[in-house]
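One structure is given below, encoded as structure tokens.
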2 protein chains.
Amino acid sequence: MATIKDIANAAGVSLATVSRVINDGPKVGKATRERIKKIMDEMGYRPNANARALVNKRSASLGVVLAELSDPFFATLAHGIEATTRKQGVQILMSSGSIERETERQAIETLLEHRCEAMVVHSKALDDETLIDLAGQVPGFVLINRYIPEIANRCVWLDNVAGGRAMAKYMLSQGHRDIAVISSRYQIEDPVQRIQGIREELEQAGIALPDANIEYSTPDQEGGEIAVQNLLAKGKQFTAVLAYNDAMASGAMTILQDHGIDVPNEVSVIGYDDVLLAKYCRPKLTTLRYPVEVMAMRAAELALSYASGNRPEPGVTFKYTPTIVKRESVVKR
Amino acid sequence: MATIKDIANAAGVSLATVSRVINDGPKVGKATRERIKKIMDEMGYRPNANARALVNKRSASLGVVLAELSDPFFATLAHGIEATTRKQGVQILMSSGSIERETERQAIETLLEHRCEAMVVHSKALDDETLIDLAGQVPGFVLINRYIPEIANRCVWLDNVAGGRAMAKYMLSQGHRDIAVISSRYQIEDPVQRIQGIREELEQAGIALPDANIEYSTPDQEGGEIAVQNLLAKGKQFTAVLAYNDAMASGAMTILQDHGIDVPNEVSVIGYDDVLLAKYCRPKLTTLRYPVEVMAMRAAELALSYASGNRPEPGVTFKYTPTIVKRESVVKR
DNA sequence: TTGTACGCGTTATCAG
DNA sequence: CTGATAACGCGTACAA
């Protein structure tokens, strides 16, 4: 592949001059510039991003660490990030961490080796300390879907406690009193906080949420099916199911219907996330809207901005609050 | 960030020695090796991937060009690729091309600038010639979901004509004779080939597929809804709908049901792709399994293999054939 | 306006 | 076993 040197030779000028026209540098004669451009074109010249990164000490690329690309939630996340990087002509380095400490660590490590000063990371397995340390090393380090007070201005996150409260509040307003919860078995903060929110709201209304009314399983459709089966097997009475996410909610509806239980008339179901899926299942899922895409774009902008020298404002954080999307799976009792 | 030089100074040895221990080079004293390793650890040394790529002329990274990350199909594709790259410790450079010539071109351009010798690209907008040219430049260039005879050994693709035939054949076997097709309005090869397959099979059975029985729309749920609405509005009679993909099929079912038409008893519906979605909708979607993930893994392996010097075998190609997955949306007539 | 020369962090070749 | 030293492709003071 042609280098800057080849171009210089072909054009009979020096490296410096070529470099200047590449970067729209200031002092180059109009004629020379045109001639060189033409030659670059003919020879199919492409700047070597690696060499550039080396001398510039910055790489025009954004590192991304996600948990699981095939999950619609993360796919949407990736999509949002991609949208803003494309606008800014920035390349994405993508890694998947699958919620395991070592893999996440490894993913970030690789990004570090590539010297990308901007990164958007979704980490649940790494501890606060590690992440805070990272934020110190990487100027454009931004966390998505996680809040750590010490680096609040690098966190783009959803208020899960508020989300839990909103779910519960809505169900209460619809007259539901016998409530079951199906949640994720992964003991990361999200499920814990959502349940906490639900509990708070319920207790405020004088209703207890016994542990027996909560089932834990994998946060996917199958998990939702299993969780509800367990609930049913225990002979639990409930008129409302609050799910950890839309996939679980969908699985829950399937099983309920298989048992001849009408959704939403006998049992109402509410999801969380509002991913694509929510519109596909029947009845259409009432759920909490998690503005993933917007948040992802914000996170990417932030990372890029910090990386290019803008200092993170102290004291701010980027908190989002989920809102109810009313569809068909919840009904007044 | 500490460089190899810093380490050398701190250890009182030369650059070369440090470099040797980093790469597990052959001739270094055991004691020296341990000492240097310890120092690297203390100083938090990380090799600079850019510098490495520069001197090695190879980048240990795989470029990926997809159309639309938020689409479950592409999300699964990405997931498959990620799985194999992770195993091989290779970094992914991801770009999204959104099926527009210029964006796709730009995406590849950027990858080229990063000098990644391995790429898996999903391109529908670029013409054969461009792609063939690219294959000449990039040793590990692999196309996914596209077949170009001249570079057959770099193509991992699905036989869409066979897919179309399979759909039609199955519907015929179930006694359907009045058949409608809802397809993608994007005139890329996939929809054309699938329809061709359908037509061939039908004609073999002495059944014509008039153009009026085909509706084109966007290849998503909404498009499926619109397409079926149009069919209905035209007063078409049909007992079977063959959809371009699962999303369209799902939309179709929704509209049919909204019109009080029973699926599958009055109208059977078949999808294509077998993405997540197919299991979520009700009735569960009978569809054609597109082994995206397997194919993606294959493509990634191939790209990496070619990139590391293995020459593409002449004469071979990587063709996959979709198979029917029977669920609930098709019924015997 | 153009050219020279050095440095970015690594690897690899050749001497010692 | 270890150390100089020359690339790799590019950007940029500093000269001319």
Side-chain angles (χ1 to χ4, degrees), chain A residues 1-37 39-40 43-61 91 109-117 137 308, chain B residues 1-37 39-40 43-61 91 109-117 137 308:
Chain A
M1 179 140 309
T3 77
I4 207 175
K5 197 171 187 174
D6 300 331
I7 307 291
N9 286 340
V13 297
S14 78
L15 304 182
T17 307
V18 179
S19 176
R20 286 189 190 100
V21 353
I22 292 173
N23 302 292
D24 286 323
K27 300 149 182 254
V28 180
K30 186 134 185 156
T32 335
R33 180 176 307 245
E34 289 314 315
R35 192 163 53 87
I36 294 180
K37 276 196 171 166
I39 295 183
M40 291 198 311
M43 302 184 61
Y45 170 75
R46 276 180 253 284
N48 182 323
N50 295 312
R52 276 190 156 164
L54 190 56
V55 40
N56 289 333
K57 290 170 164 305
R58 37 183 282 119
S59 66
S61 60
Q91 178 63 255
E109 202 64 32
T110 315
L111 260 22
L112 249 23
E113 293 185 359
H114 281 263
R115 298 295 186 271
C116 46
E117 351 66 83
Q137 294 178 45
S308 67
Chain B
M1 180 140 305
T3 77
I4 207 174
K5 199 171 186 175
D6 299 331
I7 307 291
N9 287 339
V13 297
S14 77
L15 302 183
T17 306
V18 180
S19 177
R20 285 190 190 98
V21 354
I22 292 173
N23 302 293
D24 286 322
K27 302 154 182 245
V28 181
K30 185 133 185 160
T32 337
R33 178 172 309 235
E34 289 313 317
R35 193 162 52 86
I36 293 180
K37 275 196 172 168
I39 295 184
M40 291 199 309
M43 302 185 60
Y45 170 77
R46 275 178 254 282
N48 183 323
N50 296 312
R52 278 191 157 163
L54 187 58
V55 44
N56 287 335
K57 290 169 164 307
R58 38 184 281 122
S59 67
S61 60
Q91 179 62 258
E109 202 64 31
T110 314
L111 258 25
L112 249 21
E113 293 185 0
H114 281 263
R115 298 294 186 273
C116 45
E117 352 63 84
Q137 295 178 46
S308 68

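Lettering of chains follows the sequences in order, A, B, ..., and the numbering in each one begins at 1. Reckoned from all heavy atoms, side chains included, excluding hydrogens, waters and symmetry mates.
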Where do N or O atoms of nucleotides 14-16 of chain C meet protein N or O atoms at under 3.5 Å, pair by pair?
none

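Looking at heavy-atom distances under 4.0 Å, S19(A) makes contact with a base. K5(B) comes within 4.0 angstrom of nothing in the nucleic acid, heavy atoms only. Residue contacts for N56(A): at a heavy-atom cut-off of 4.0 Å it reaches the sugar-phosphate backbone alone, with no base atom in range. Contacts of N50(B) with the nucleic acid, taken as non-hydrogen atoms under 4.0 Å apart, are absent.
Distance N48(A) CG to dT10(C) P: 16 Å, rounded to the nearest Å. When the C1' atom of dT4(C) is taken as reference, atom CG of L15(A) falls 9 Å away, rounded to whole Å. Note: NZ (K57(B)) to P (dT10(C)) measures 18 Å, nearest angstrom. A straight line from CG of L54(A) to C1' of dT11(C) spans 13 Å, rounded to a whole angstrom. Protein atom CG of N23(B) is 15 Å distant from nucleotide atom C1' of dT13(C), rounded to whole Å.
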Distance-only criterion, 3.5 Å: show the donor-acceptor pairs between side-chain atoms of residues 10-22 of chain A and protein atoms not counting sequence neighbours.
{"residue": "S14(A)", "atom": "OG", "partner": "A16(A)", "partner atom": "N", "Å": "3.4"}
{"residue": "S14(A)", "atom": "OG", "partner": "T17(A)", "partner atom": "OG1", "Å": "3.4"}

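Closest-nucleotide positions on DNA chain D for G29(B) and R46(A) were compared, and the one nearer the 5' end corresponds to G29(B).
In this structure S61(A) satisfies the side chain to side chain contact (heavy atoms under 4.5 Å, CB included) test together with S59(A), Q91(A), L93(A), C116(A), sequence neighbours excluded. In terms of the salt bridge (Lys or Arg N to Asp or Glu O under 4.0 Å) criterion, E34(B) has no residue partners (sequence neighbours excluded).
Where the helix from dT1(C)-dA16(D) to dG16(C)-dC1(D) starts and where it ends, the local axes point in directions that differ by 40°; five pairs per end, rounded to 10°.
Judged purely by atom type and a 3.5 angstrom limit, N50(A) has no side-chain atom pairing as donor or acceptor with the backbone of A51(B).
Of all non-hydrogen atoms in D6(B) and M1(B), the two that sit nearest each other are OD2-O, 4.2 Å.
Contact footprint of chain A on DNA chain D: nucleotides with an atom under 4.0 Å from a non-hydrogen protein atom, first to last in 5' to 3' order, dG9(D) to dA13(D).
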